[in-house]
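What follows is a short report on a single structure.
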Amino acid sequence: MAEKEKVRVRFAPSPTGQLHIGNVRTALFNWLLARQKRGAFVLRIEDTDVGRSEARYETQLLEDLKWLGLDWDEGPDVDGPYPPYRQSDRMAIYHENAQRLVREQKAYYCFCTPEELEREREQALKESRQPIYSGKCRRLDPDEAERRRAAGEAAAIRLRIPEHPIRFHDIVRGDVEFSNEVVSDPIIVRSSGMPVYNYVVVIDDAAMKITHVIRGDDHLSNTPKQVALYEALGLAVPEFAHLSTILGPDRERLSKRHGATSVANFREMGILPEALMNYLALLGWAPSGGNREIFPRPELIKEFSLERVTPSPAIFDTEKLYWLNRHYIKQGPQERIHQQGRGFLERAGLLPNPLTSEVNDWAERLVSLLAPYVDKLDQLPDHAGIIFRFDAATAVAAPENAEVLSSSSAKPVMQAFARRAVNESPLTVERFNAIMNEVKAETATKGKDLFHPVRVVLIGSHSGPAFDKLIPLIEDGSRLPLPVHVKSVRERVEEFMEAIKQRP
RNA sequence: GUCCCCGUCGUCUAGCCCGGCCUAGGACAUCGCCCUUUCACGGCGGUAACACGGGUUCAAAUCCCGUCGGGGACGCCA
C-alpha cells in the first residue's frame, strides 16, 4: 500500500470536562479502524474554546484513554509528522489560510453585530424561513471592507457557501445532500480573531492527512459547511462516518442525569476496561451473523468494519454492560482482578495498607470467593460484609431471614450445629462436613432446611458462597491483623445463639 | 418553524443494499426446569419484534410513496 493511502484517523476531544462515554465509543471506532488497517490513530486536542478548556481535563483525558487501552501514534505528547497536535498551538496556520480565503474572495469580512444577527434570526423564524445568515456583507466591496477594518471596525470572517447543493458520502448513512438554501455562510474567524471549530477542524484534518473522519452524528449537519471549506481550500474531502447518538433509557441523549456517563465514573465503579470496550463496540456495530457478543480486543480489531455500523441511535443498557463485566471478571487474568479488587477493599477500610504477604494471600482468596458474585468491583466491600460485618442481632432481626428462622426445623438444626461448632476452633472443612452429617442425622433435615439456618448463623444471610471456601477464610481471617476484626466461627456461633435466645 | 438523520422482541442487534432459504436468528433482561446437601455460577427451555397505511410484485422485514414517532442541526459553542 502506498504511503499516501495509509489510513489516518483522529480523535479530537475538547478538554472541557470528563471524557463522555459517547466520545469513548467514537475514539474506539477510530482506534479499531487504525489498528485493523495498520494506519495511524491521531490524538488532537481541540482547545479553541479558551473559556472552557482546562489543562487538568487534558491530563485526565490522556489518562482515561490510556486506562482504556486506546493508544495513539501521534498526539500532544507523542511526536508525529504533522505537529503541533493542540489547536491552541496552531493559530498561525488558521490565520494564514483564512487570509488566503479572503484574498481569493472565497471568504469575506462580515461587520454585522451579534445583535443584528439575532434580530435577523428571530425574524426568519417568525416568517418560517430558514434561520440562516442573510448574506448582507457578502456583496461588500473588498476594498471598502478593508477600509472599514483599517478604521478599526470589528469584523468576523465568513466563508462563501457555493450556489449549488452540497453532496458528500457517509460510510454509515450513504449519500447525503444538503441544499445550499439551508446552509448559512459560516463564520470561520470570530471578530476577536479566534478561529471557530468548524473551520479549524477542516484545516487540521487536511493538514494531518486524515483519511476517515469518524465522529458523532451531531456533526452531520455541520458537514456541508466543512465540505464547502475543503472545496474552497482546494483540498481533498475525506471519507466521513457519522456514528449515531447514545441515548438514555428515556430515549433522550445520554447525559449525567442518567447516571454514570464518564470514563472516570465507570472506572470508579469497577467496570473493567475490556468490558467497557466490548460493550461499546456492540453499541452500533455487530459482526456479520450478529450472533457473537464476546469480543476481546484482538477479535474486535480483526472483525470490526465501518460498513457494518448501524445508523440508528442506541439506548445504553447498563445490564448488558454488567453482564459483560461479570464475564471479564470471571475470565480475565485473575492477577489483575485480585489487584483491583484489593484496591476497592482497601479504600473501604477493610484491608490494611500496605499488606503483609500473609494478609495479601488471604485478601486474594477473599476476592476470588466474592468476585464471581458481583456486577462491578465496587460491590466487593458490600459483599465482604458477610466476613467483616457479621452481627448476630442484625441477623436475627433481618426480615429476609424471618422465613428461615421461623421454620420448625431451624431451631433444632441451629442448636445441634452450635453445640458441636463451639468446641472447634478453628473449625476445619473436614470437621464442618462431619458435623453437618451429624446434625442431619440428629434432626432428620436435609437440603435447604439444613443449610439455610446454618448459613444464617455463620454469615447472617441464607445465601452466600460455598462453605468449603468460606469457613477457612473466616477462620484464617480471624487470626490476621486486619483493620476490622473478622469474627471466628466460634464467636459467630456464640453471639448468634445468645441473640436468638432473646427471641421467642 | 425549516432542514437532515433514524424506526426489527423491553434493550443491543442479525436479516434489508442483491425481494422467496424468515413459521424473523443471536444476546441482555425476564419467566420456568435441571444441576448444586443452600444461594450464585452453569445447562436446558419459554414469553416477546418487522411503527402504521398505501402501492409494486406470483411473492415484501427486504423496493417505492405517504403518515406517525424519535433524535440532531440551524451559534462570533465544540
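Keep in mind that the numbers below use all heavy atoms, side chains included, and drop hydrogens, waters and symmetry copies. So you know, we letter chains A, B, ... as the sequences are listed, proteins then strands, and number each from 1. From a predicted model like this one, the values you see are computed outputs, not experimental measurements.
- Nucleotide B:rG7 forms a pair with B:rC68, judged by Watson-Crick or G-U wobble geometry with both contacts under 3.5 Å.
- Distances were taken from every side-chain heavy atom of A:Glu319 (C-beta onward) to each of B:rA29, B:rC39, B:rC3; the shortest belongs to B:rA29.
- For A:Ser221 against B:rC74, a side-chain-to-base donor-acceptor contact under 3.5 Å is absent.
- One interatomic measurement links the two molecules: CD1 of A:Ile246 to C1' of B:rC6, which rounds to 15 Å at whole-angstrom precision.
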Test salt bridge (Lys or Arg N to Asp or Glu O under 4.0 Å) on A:Arg253 and A:Asp218 and set out the steps.
CA-CA 11 Å; A:Arg253 202 190 187 86; A:Asp218 46 334; 3.5 Å; yes

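- Residue A:Arg215 is classed as having no contact, given no heavy-atom separation below 4.0 Å to the nucleic acid.
- With respect to A:Arg215 and A:Glu46, no salt bridge is recorded, no charged nitrogen being found less than 4.0 Å from a carboxylate O.
- To the nearest angstrom, P of B:rU2 lies 20 Å from CD of A:Glu120.
- Ring-centre distance between A:Trp72 and A:Tyr85: not below the 6.0 Å cut-off.
- Considering only side-chain atoms of A:Glu293, the nucleotide from B:rG26, B:rU13, B:rG1 that sits closest is B:rG26.
- To the nearest whole angstrom, the two C1' atoms, one in B:rC50 and one in B:rG32, are 28 Å apart.
- Residue contacts shown for A:Leu125 include a base, since a base heavy atom lies under 4.0 Å away.
- Residue contacts shown for A:Leu283 are limited to sugar-phosphate atoms, with no base heavy atom under 4.0 Å away.
- A donor-acceptor contact closer than 3.5 angstrom is absent between the side chains of A:Arg190 and A:Thr48.
- Along RNA chain B, the nucleotide nearest A:Val182 and the nucleotide nearest A:Ala466 are compared for position; the residue whose nucleotide lies closer to the 5' end is A:Val182.
- Across all strands shown, A:Ser191 has heavy atoms under 4.0 Å from base atoms, whether or not it also approaches the sugar-phosphate.
- Distance CD (A:Glu252) to C1' (B:rG71): 9 Å, rounded to an integer number of Å.
- Using cut-offs of 30° and 60° for the angle between ring planes, the A:Phe240 and A:His242 rings count as parallel.
- Residue A:Gln87 contributes atom CD, which lies 14 Å from atom P of B:rC77 at whole-angstrom precision.
- One atom, CZ of A:Arg44, and another, P of B:rA78, lie 13 Å apart when rounded to the nearest Å.
- Between B:rC58 and B:rU11, the distance separating the two C1' atoms is 38 Å to the nearest Å.
- Between the CH2 atom of A:Trp323 and the P atom of B:rC12 there is a distance of 16 Å, rounded to whole Å.
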Worked verdict on A:Tyr94 versus A:Asp204 for side chain to side chain donor-acceptor pair (under 3.5 Å):
CA-CA 9 Å; A:Tyr94 306 140; A:Asp204 289 343; 2.7 Å; yes

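- Taking the C1' atoms as reference points, B:rU2 lies 35 Å from B:rC9, given to the whole Å.
- Following rounding to the nearest Å, A:Ile315 (CD1) and B:rG70 (C1') show an atom-to-atom distance of 10 Å.
- Between the A:Asp205 side chain and the A:Ile210 main chain, no donor and acceptor come within less than 3.5 Å of each other.
- Ring pair A:Tyr197/A:His219: centre-to-centre distance below 6.0 Å.
- Separation of the C1' atoms belonging to B:rC21 and B:rA59 is 14 Å when rounded to the nearest angstrom.
- To the nearest whole angstrom, the two P atoms, one in B:rG15 and one in B:rU36, are 41 Å apart.
- Here A:Gly174 lies out of heavy-atom contact (under 4.0 Å) with every strand.
- Look at B:rU30: its Watson-Crick or wobble partner, with both distances under 3.5 angstrom, is B:rG46.
- Base pairing of B:rC39 is not made with any nucleotide, judged by Watson-Crick or G-U wobble geometry with both donor-acceptor distances under 3.5 Å.
- Among the nucleotides B:rC4, B:rC41, B:rC39, the one closest to the side chain of A:Val176 is B:rC4.
- Both tests pass for A:Arg25 against the ring of A:Phe29: distance under 6.0 Å to the centre and angle within 45° of the axis.
- Residue contacts for A:Arg292: at a heavy-atom cut-off of 4.0 Å it reaches no nucleic acid atom on any strand shown.
- At B:rC77, none of the side-chain N or O atoms of A:Arg52 fall inside 4.0 Å of OP1 or OP2 (strictly under the cut-off).
- Between A:Thr48 and B:rA78, a side-chain N or O to OP1/OP2 separation shorter than 4.0 Å is present.
- The interatomic distance linking A:Asp250 (CG) with B:rG71 (C1') rounds to 12 Å, in whole Å.
- The aromatic ring of A:His219 sits over the base of B:rA78, with ring centres less than 5.5 Å apart and planes inclined by under 30°.
- Under 4.0 angstrom from either OP1 or OP2 of B:rG75 there lies at least one side-chain N or O belonging to A:Arg121.
- With a cut-off of 3.5 Å on both pairing distances, B:rC16 has no Watson-Crick or G-U wobble partner at all.
- Listed nucleotides: B:rC5, B:rU37, B:rG75. Nearest to the side chain of A:Asn437: B:rU37.
- Residue contacts shown for A:Lys126 are absent, as no nucleic acid heavy atom lies under 4.0 Å away.
- For A:Lys320, taking side-chain heavy atoms from C-beta onward, the closest of the listed nucleotides B:rC12, B:rC76, B:rC6 is B:rC12.
- The separation of B:rG46 from B:rA24, taken at their P atoms, amounts to 13 Å, rounded to a whole angstrom.
- Nearest nucleotide to the A:Arg251 side chain, out of B:rC39, B:rU11, B:rC6: B:rU11.
- Each of A:Gly290 and A:Thr445 lies near RNA chain B, and the nucleotide nearest A:Gly290 is the one positioned closer to the 5' end.
- Residue A:Cys110 is out of contact with every strand shown, counting any heavy-atom pair closer than 4.0 Å.
- Rounded to the nearest Å, the gap between the P atom of B:rG53 and that of B:rG69 is 16 Å.
- Considering only the side chain of A:Arg326, B:rA29 comes nearest among B:rG75, B:rC6, B:rA29.
- Across all strands shown, B:rU56 remains unpaired; no Watson-Crick or G-U wobble contact has both distances below 3.5 Å.
- Between A:Arg167 and A:Asp175 there is no salt bridge, since no side-chain N of the basic residue sits under 4.0 Å from a carboxylate O of the acidic one.
- Considering only side-chain atoms of A:Ala156, the nucleotide from B:rC12, B:rC76, B:rG75 that sits closest is B:rC76.
- Across all strands shown, the partner of B:rU2 is B:rA73, judged by Watson-Crick or G-U wobble contacts whose two distances both fall under 3.5 Å.
- B:rU47 and B:rU30: their C1' atoms are spaced 9 Å apart (whole Å).
- The side chain of A:Ser463 lies closest to B:rC39, out of B:rA78, B:rA14, B:rC39.
- Nucleic acid contact for A:His242: none, since no nucleic acid atom lies under 4.0 Å from a heavy atom of the residue.
- Across all strands shown, B:rC22 forms no Watson-Crick or G-U wobble pair with both key distances under 3.5 Å.
- Phosphate proximity of B:rU13 to A:Thr310: present, with a side-chain N or O under 4.0 Å from OP1 or OP2.
- Set against B:rU11, B:rC74, B:rC76, the side chain of A:Asp317 has B:rU11 as its closest nucleotide.
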